Amino acid sequence: MIQETAEHIAATLRDARSEKGWTQGQLATALGTSQSAVARMEQGKQNLSLKMIQRLETILDRSIVKVGKPQMTHLRIEGGRTLSGAVDVNSSKNAGVALLCASLINRGTTVLRRLARIEEVNRIVEVLTSIGVECTWLNDTDLQLRRPAVLDLEAMDVDAARRTRSVIMLLGPLLDESEEYRLPYAGGCDLGTRTVEPHMQALRQFGLSVEATAGFYAVQAPRPDNHDRSFVLTERGDTVTENAIMAAAHRRGTTVIRNASPNYMVQDLCFYLEMLGVKIDGVGTTTLKITGQPLIDVDIEYFPSEDPIEAMSLITAGIVTNSEVTIRRVPIEFMEIELATLEQMGQQLEISGEYVARNGRTRLVDVTTKPSELRAPEDKIHPMPFPGLNIDNLPFFAVIAANAHGQTLIHDWVYENRAIYLTELNRLGAQVQLLDPHRIYVNGPTKWRAAEVGCPPALRPAACLLLAMLAARGVSELRNIYVIERGYEDLAERLNTIGAKVEYFQD
């Protein structure tokens with residue numbers, strides 16, 4: 001490896017940016033950082049991690065540091081350590097991407113405070129920037145967005161769009177933006193066939209026409225109308241509900257959506273739209289009545305609420321390491337079933353009194369895990385739409401059940417492949433038996449052992465492997481962690497603040 005001085009790296013970075021014809025602000029947007037941080041990089045005054053160097057090389061299409069051509073980032077975990085202390089739950093990834101899409105409805109300036117700094121958010125920001133939205137990081141966590149009068153949909157960054165499933169949620173905000181345009185197929189986690197037909201069924205209620213072509217959806221906008229409309233969603237999906245809400249929010253007339261998801265990200269979206277002046281009745285229920293506002297021009301700042309999935313991840317870290325850890329800012333309304341299930345398994349928890357999130361609406365608590373002896377539940381563990389056990393929190397119970405005495409049946413009826421990925425826990429000493437693509441038996445307790453494992457292409461099973469490695473004595477390696485970075489902001493660093501020993505490395 002050739003040693004590079006900070007000055008040489010800075011000069012190389014300046015040259016690469018200039019060759020691309022970008023300003024420091026444009027590079028900051030692509031990186032998901034602030035312009036001042038880019039300025040420090042170009043002055044040789046900013047410490048650059050391997051992750052940041054890799055992202056710079058990918059974005060600028062040029063070698064910054066001569067260390068070969070690393071393509072993947074990995075984690076090295078020294079497991080078997082007892083954790084302690086406290087850690088805060090970050091804002092919701094799923095709420096964040098919905099709010100980014102919803103910002104297109106607003107002709108004024110939207111500032112999203114304490115936005116999750118994750119790859120999924122970065123991809124959506126890249127897409128928005130490519131179609132003309134001014135995206136400016138005011139600091140390391142706050143993003144300002146302002147759309148132009150006319151979006152340049154032909155210039156959409158196809159590569160960024162195809163690396164995220166969230167791009168499908170642009171259909172609602174763009175309902176009548178252009179008479180016709182193309183939207184790239186959505187990408188993201190490999191969780192089997194997740195049809196977009198429920199989205200199409202909902203948006204057809206507004207007159208939108210979508211035809212699947214080679215690699216793209218061909219979209220034709222509906223004709224203007226003042227009609228009231230009422231319809232039932234055949235699938236109570238979170239993103240389907242959000243798409244329908246965003247379409248209704250800027251369409252004349254009153255829309256009633258039945259069998260709507262009342263989940264956390266849907267409520268966050270409704271809170272934001274209400275601040276824009278959209279009248280929404282029934283927030284938190286399965287029937288929403290939305291009175292649309294065809295022209296919205298409001299300067300607004302909004303704080304996305306805390307992420308119940310990240311909260312469950314951090315709680316799981318405390319449980320599997322048999323540690324006393326406090327997880328602060330847990331959105332209790334969306335965690336009650338999970339915490340009750342844990343207590344039925346013998347997990348001791350201390351739960352604080354409630355307080356209000358920064359958005360002024362979401363109820364939060366602090367949860368402290370205590371060293372406990374777990375037992376398998378008598379009934380199976382399975383997810384349900386809110387207010388049931390969250391679908392994305394189900395995989396963490398596989399890791400927890402591996403620590404419990406007895407056999408646990410986990411039924412992941414939503415995704416046809418995710419249960420298969422949970423069998424990777426066997427590489428770390430677990431006893432996970434696959435019954436079919438939806439069901440597993442987990443036998444415990446487990447004597448975890450260190451191992452080298454590649455990340456599966458699904459976010460939550462990948463995070464489960466990392467959490468199990470915290471409990472496995474010895475040094476484990478989790479390879480190619482991009483899928484984790486899609487959904488978690490600096491998860492390894494934050495685990496380190498409560499006593500874990502996790503480090504990034506590249507080949």
Side-chain angles (χ1 to χ4, degrees), residues 2-67 69-71 73 90-91 93 96-97 99-100 103 109-148 152 155-157 159-161 163-164 301 482 485-486 488-494 504 506:
I2 298 175
Q3 297 297 322
E4 306 277 356
T5 66
E7 291 78 9
H8 182 78
I9 294 173
T12 303
L13 180 56
R14 288 195 301 271
D15 291 345
R17 177 178 60 78
S18 297
E19 288 174 8
K20 202 169 179 70
W22 280 7
T23 64
Q24 288 182 341
Q26 287 173 308
L27 178 56
T29 297
L31 285 171
T33 189
S34 63
Q35 184 172 337
S36 60
V38 171
R40 291 194 297 272
M41 293 178 195
E42 295 190 354
Q43 296 168 5
K45 298 178 180 179
Q46 178 85 359
N47 291 329
L48 296 177
S49 65
L50 285 173
K51 285 198 302 179
M52 180 59 76
I53 290 171
Q54 182 182 2
R55 293 202 61 217
L56 284 165
E57 293 182 332
T58 299
I59 290 169
L60 297 172
D61 194 25
R62 177 166 171 176
S63 175
I64 304 296
V65 180
K66 296 177 182 178
V67 292
K69 297 200 73 175
Q71 298 298 314
T73 301
N90 281 342
S91 66
K93 160 218 168 189
V97 294
L99 293 166
L100 287 171
S103 71
T109 298
T110 293
V111 178
L112 297 178
R113 302 285 186 188
R114 304 181 72 88
L115 186 65
R117 297 298 301 273
I118 55 173
E119 288 300 297
E120 188 85 349
V121 165
N122 292 337
R123 297 292 80 76
I124 294 296
V125 170
E126 289 170 5
V127 171
L128 296 180
T129 301
S130 69
I131 61 177
V133 179
E134 294 179 12
C135 301
T136 306
W137 288 99
L138 304 178
N139 50 47
D140 287 342
T141 62
D142 299 343
L143 179 64
Q144 177 178 286
L145 302 111
R146 187 174 183 86
R147 57 156 293 164
D152 186 0
M156 184 176 293
D157 186 331
D159 179 62
R163 293 172 68 188
T164 168
E301 68 172 26
Y482 177 77
E485 293 182 320
R486 279 188 54 242
Y488 290 93
E489 180 183 356
D490 298 330
L491 178 59
E493 291 94 328
R494 295 168 64 235
Y504 294 93
Q506 292 178 327

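Heavy atoms only: backbone and side chains are in, while hydrogens, waters and symmetry mates are out. Quick caveat, the model's predicted, so the values are computed rather than measured.
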From CA spacing to verdict: side chain to side chain donor-acceptor pair (under 3.5 Å), Q506, T73: CA-CA 5 Å; Q506 292 178 327; T73 301; 3.1 Å; yes

Stepwise salt bridge (Lys or Arg N to Asp or Glu O under 4.0 Å) test for R14 and E42: CA-CA 6 Å; R14 288 195 301 271; E42 295 190 354; 5.4 Å; no

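Looking at every heavy atom in both residues, S130 comes nearest to D157 through OG-N, 2.9 Å. In this structure, I118 and K93 approach most closely via the heavy-atom pair CD1-CG, 3.1 Å. Taking all atoms of both residues into account, the shortest heavy-atom contact from G132 to P148 is O-CD, 3.2 Å.
Side chain of S91 to backbone of A116: a donor-acceptor contact under 3.5 angstrom is found. Side-chain atoms of R123 never come within 3.5 Å of backbone atoms of A160 as a donor-acceptor pair (strictly under, hydrogens ignored).
Atom CD of Q24 sits about 8.0 Å away from atom CG of L27, to the nearest 0.5 Å. Atom CD of residue E489 and atom CG of residue L115 lie 8.5 Å apart, to the nearest 0.5 angstrom. Here CZ of R17 is found 11.5 Å from CE of M41. Values are rounded to the nearest 0.5 Å. Annotation: the span from E485 atom CD to E120 atom CD amounts to 13.0 Å, rounded to 0.5 Å. A distance of 12.0 Å separates CD1 of I124 from CD of E119, quoted to the nearest 0.5 Å. Rounding to the nearest 0.5 angstrom, the gap separating the CZ atom in R147 from the CD1 atom in I131 is 8.0 Å.
Contact check for R494 versus N90: side-chain heavy atoms found under the 4.5 Å cut-off. Annotation: side chain of L145 is not in contact with side chain of T109 (no heavy-atom distance under 4.5 Å). W137 places none of its side-chain heavy atoms less than 4.5 Å from the side chain of Q144. Between L138 and L143, every side-chain heavy-atom pair lies at or beyond the 4.5 Å cut-off. At a threshold of 4.5 Å between non-hydrogen side-chain atoms, the residues D142 and L112 do not count as touching. Contact annotation: the side chain of L13 never approaches that of V38 to less than 4.5 Å [non-hydrogen atoms, C-beta and beyond].
Under the 4.0 Å criterion applied to side-chain N and carboxylate O atoms, E134 and R146 are not assigned as salt-bridge partners.
No side-chain N or O of T141 forms a donor-acceptor pair with one of R114 less than 3.5 Å apart.
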